[in-house]
**Student:** 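Here's a structure for you.
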Protein chains: 2
Amino acid sequence: MERLETRELSYFVTVAEELHFGRAAQRLRMAQPPLSRAIRQLERRIGVTLLDRTSRRVSLTPAGRVLLEEGRHVLDAVAAAERRTRRAASPEPAIVLAMKSGGDGGLLPGILAAYAEDPVAVAVDVVFANGQRAAMVRDGRADVAILHCPPDEPTGLDCEELTVEGQVALLPASHPLAARETLRVADLAGEVQPRWPSDRTDPAGPPGESDPSARTGLTTSSDPSVPPAGPVVSDGIQLMQLVALGRVVAVVPESVRGHIRHDIACVPVVDAPPVRVLIARSEQSSSNAIAALLRVAAMVAERH
Amino acid sequence: MERLETRELSYFVTVAEELHFGRAAQRLRMAQPPLSRAIRQLERRIGVTLLDRTSRRVSLTPAGRVLLEEGRHVLDAVAAAERRTRRAASPEPAIVLAMKSGGDGGLLPGILAAYAEDPVAVAVDVVFANGQRAAMVRDGRADVAILHCPPDEPTGLDCEELTVEGQVALLPASHPLAARETLRVADLAGEVQPRWPSDRTDPAGPPGESDPSARTGLTTSSDPSVPPAGPVVSDGIQLMQLVALGRVVAVVPESVRGHIRHDIACVPVVDAPPVRVLIARSEQSSSNAIAALLRVAAMVAERH
DNA sequence: GTCGTTCCATACCCGCAGGGTATCGGTTGT
DNA sequence: ACAACCGATACCCTGCGGGTATGGAACGAC
């Protein structure tokens with residue numbers, strides 16, 4: 001009995017995501033027949049049917065769904081192994097911390113200062129990433145990340161809760177609601193909300209690769225109750241500009257109050273779900289430098 | 001740039017464990033030259049030196065140590081992917097729970113009974129394993145395991161603490177210390193303690209493969225301060241027999257008091273480190289059947 | 001020093017697995 | 001009924017993964 005190879009897993013994951021051999025082969029930069037054959041071999045080897053194919057549509061069996069999930073995990077682990085090994089070979093090792101700009105609940109300066117005192121501390125590279133932070137930890141692009149729990153999905157990560165924050169609405173100072181003491185989510189119904197770039201899907205793929213949603217030709221506005229999707233913003237400055245111009249209204253964790261422009265009003269949204277600010281790392285990684293950072297972070301967060 | 005294959009990783013992990021190309025090749029059932037070549041290719045591909053070789057000895061670089069750890073994790077994940085997929089394809093899915101016999105702190109019956117009430121419950125297969133329980137969860141042979149924290153190493157697992165137990169010494173009724181109310185670890189110095197089979201290394205390997213320690217010819221009694229290693233016991237019955245015969249004295253969690261023979265005395269060891277009883281699962285595995293089991297277990301443990 | 005042993009690297013060869021092109025055949029929408 | 005779509009099959013070929021033979025450096029014995 002042979003062992004599963006990562007190439008086969010990556011083939012299967014791609015097909016399972018596309019549910020279409022032709023497109024999957026395209027994404028994998030190969031022809032469709034060898035791909036079909038490889039998947040068949042995979043199925044025979046583990047003795048399980050993973051896909052139900054008619055010549056018209058492809059769908060996952062229950063076993064296929066679990067292999068999709070497990071396979072993604074394997075591929076992340078492989079990517080992480082490679083990246084972490086490369087970084088371990090660099091002359092001066094460092095920890096990579098991923099966060100959304102302004103998304104640290106104001107805790108990061110204190111954490112870094114306290115960590116620098118630690119005997120096992122090493123340099124900390126802070127990188128800013130909008131979506132993808134959890135994925136970055138999973139596949140080794142980052143060692144730790146600061147996540148906001150409702151949007152982010154910390155499955156498979158080793159997390160520590162730092163704070164729980166309420167949310168506030170950012171409004172142009174001239175907005176009718178700007179004078180209110182508090183708001184409720186219902187008050188903001190119909191307002192245009194900004195979107196951050198693709199938190200869900202992996203925007204990687206080789207250049208010249210088209211967006212999957214663009215491929216279908218229509219903008220997948222499946223749910224008409226959602227207001228017309230707002231403009232895509234990729235950093236806090238852009239967001240502030242759009243708010244100031246009255247183009248969007250944003251709901252963000254209250255700690256961003258610290259760095260907003262004076263022409264923007266900031267009103268608590270009392271019934272918005274509270275946001276848990278987490279610090280997460282990969283579940284293995286027995287590095288004590290990283291463990292120390294987590295420990296210090298928890299202590300700093302403890303005493304507000 | 002090509003992707004890392006699991007075959008290469010398994011080659012590297014084997015070499016890194018043996019620190020000897022010849023023996024590694026033997027374990028991998030292949031000749032030594034292709035193995036050397038494969039490792040070189042691996043190093044060139046990721047652009048990092050993993051091993052320092054003189055023609056006399058092989059040693060790991062820091063990067064090599066990282067890849068050894070990450071590689072093991074990948075191989076576990078691959079094995080888990082295959083096994084979980086196979087089990088998902090079985091007509092009637094079940095959860096596999098691994099435990100040491102008598103190692104459940106007396107909680108398991110209650111947990112299983114409560115779990116059976118849960119709406120999403122599925123069948124639970126209980127398997128007994130002496131060492132290896134953590135590894136079984138990591139590589140998919142089990143879905144959850146009951147661990148005893150000091151000996152077991154829950155790195156990379158998602159754990160829930162069920163209880164903390166003190167430890168007791170099992171002595172033959174005729175033993176001079178059997179009448180004591182309490183003991184200290186020092187009192188047991190010099191007593192012969194039983195050993196459980198290979199908690200550390202993987203005893204797998206194809207039949208006809210010799211034990212690595214046997215290969216060196218000597219019994220690796222590197223630390224002479226440890227009393228002459230006791231007999232290996234592989235289940236609780238054997239242990240009880242050996243204790244009753246006065247051949248060994250065992251120190252075990254206090255919950256085993258429930259099922260000892262009448263000719264064995266049981267005395268608390270007050271300064272033995274307390275044992276944390278954990279229930280652990282793999283860090284991903286978003287299966288809600290498993291999540292429910294963990295939840296129920298925590299509740300049952302809560303109310304003693 | 002020299003010889004023998006050990007052990008990793010190099011040189012060279014071979015078979016098959018993995019990838020490509022051409023084409024078939026079943027399903028579906030018009 | 002026909003065209004379009006899409007996965008499966010048939011067939012070829014290159015390159016990679018594996019084998020054997022041998023080189024060459026490092027140590028130990030004497």
**Student:** If the helix axis at each end comes from five base pairs, how far does the helix from C:dG1-D:dC30 to C:dT30-D:dA1 deviate from straight, to 10°?
**Tutor:** 30°

**Student:** Figure out the CZ/C1' separation between B:Arg53 and D:dG24, and round it to whole Å.
**Tutor:** 16 Å

**Student:** Measure from the side-chain N and O atoms of B:Arg138 to the backbone N and O of B:Ser282, and report whether any donor-acceptor pair falls under 3.5 Å.
**Tutor:**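 Not confirmed, B:Arg138 side chain does not pair with B:Ser282 backbone.
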
**Student:** Tell me, please, which residues at least two apart from A:Asp158 pass side chain to side chain donor-acceptor pair (under 3.5 Å).
**Tutor:** A:Arg281

**Student:** Does anyone know the first and last nucleotide of DNA chain C in reach of chain A, 5' to 3', at under 4.0 angstrom to a heavy atom?
**Tutor:** C:dG18 to C:dT28

**Student:** Looking at B:Glu69 and A:Arg84, is any side-chain nitrogen of the basic one under 4.0 Å from a carboxylate oxygen of the acidic one?
**Tutor:** no

**Student:** Any salt bridge between B:Glu82 and B:Arg86, counting N to O under 4.0 Å?
**Tutor:** yes

**Student:** Can any side-chain N or O of A:Arg87 pair as donor or acceptor with the backbone N or O of A:Pro93 at less than 3.5 Å?
**Tutor:**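 No.
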
**Student:** Does any N or O in the side chain of A:Arg141 come within less than 3.5 Å of the main-chain N or O of A:Val137, such that one atom is a donor and the other an acceptor?
**Tutor:**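 Looks like no, no N/O pair under 3.5 Å.
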
**Student:** To the nearest 0.5 Å, what is the distance between OG1 on B:Thr6 and CG on A:Leu4?
**Tutor:**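 CG of A:Leu4 is found 7.0 Å from OG1 of B:Thr6.
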
**Student:** Judged by each residue's nearest nucleotide on DNA chain C, which is more toward the 5′ side, A:Glu5 or B:Phe21?
**Tutor:** B:Phe21

**Student:** Can you check the A:Arg57 CZ to D:dA4 C1' distance for me, whole Å?
**Tutor:** 16 Å

**Student:** Distance check needed: D:dC6 C1' versus A:Arg23 CZ, whole Å only.
**Tutor:**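 For the pair A:Arg23 CZ and D:dC6 C1', the rounded distance is 11 Å.
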
**Student:** Check side chain to side chain donor-acceptor pair (under 3.5 Å) between B:Glu17 and all other residues, then give those that pass, not counting sequence neighbours.
**Tutor:** B:Arg27, B:Arg72

**Student:** Can you tell me if A:Glu18 and A:Thr14 form a side-chain donor-acceptor pair at under 3.5 Å?
**Tutor:** no

**Student:** Assess the side chains of A:Glu43 and A:Thr49: does a donor N or O sit below 3.5 Å from an acceptor N or O?
**Tutor:** no

**Student:** According to side chain to side chain contact (heavy atoms under 4.5 Å, CB included), who are the partners of B:Pro34, at least two apart in sequence or on a separate chain?
**Tutor:** B:Met30, B:Ala31

**Student:** Once each nucleotide of nucleotides 12-20 of chain D is scored for protein heavy atoms under 4.0 Å, what B/S/- sequence comes out, 5' to 3'?
**Tutor:** -----BBBB

**Student:** Report the distance from atom CG of B:Asp52 to atom P of D:dA26, rounded to the nearest whole Å.
**Tutor:**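 Computing the B:Asp52:CG to D:dA26:P distance gives 14 Å.
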
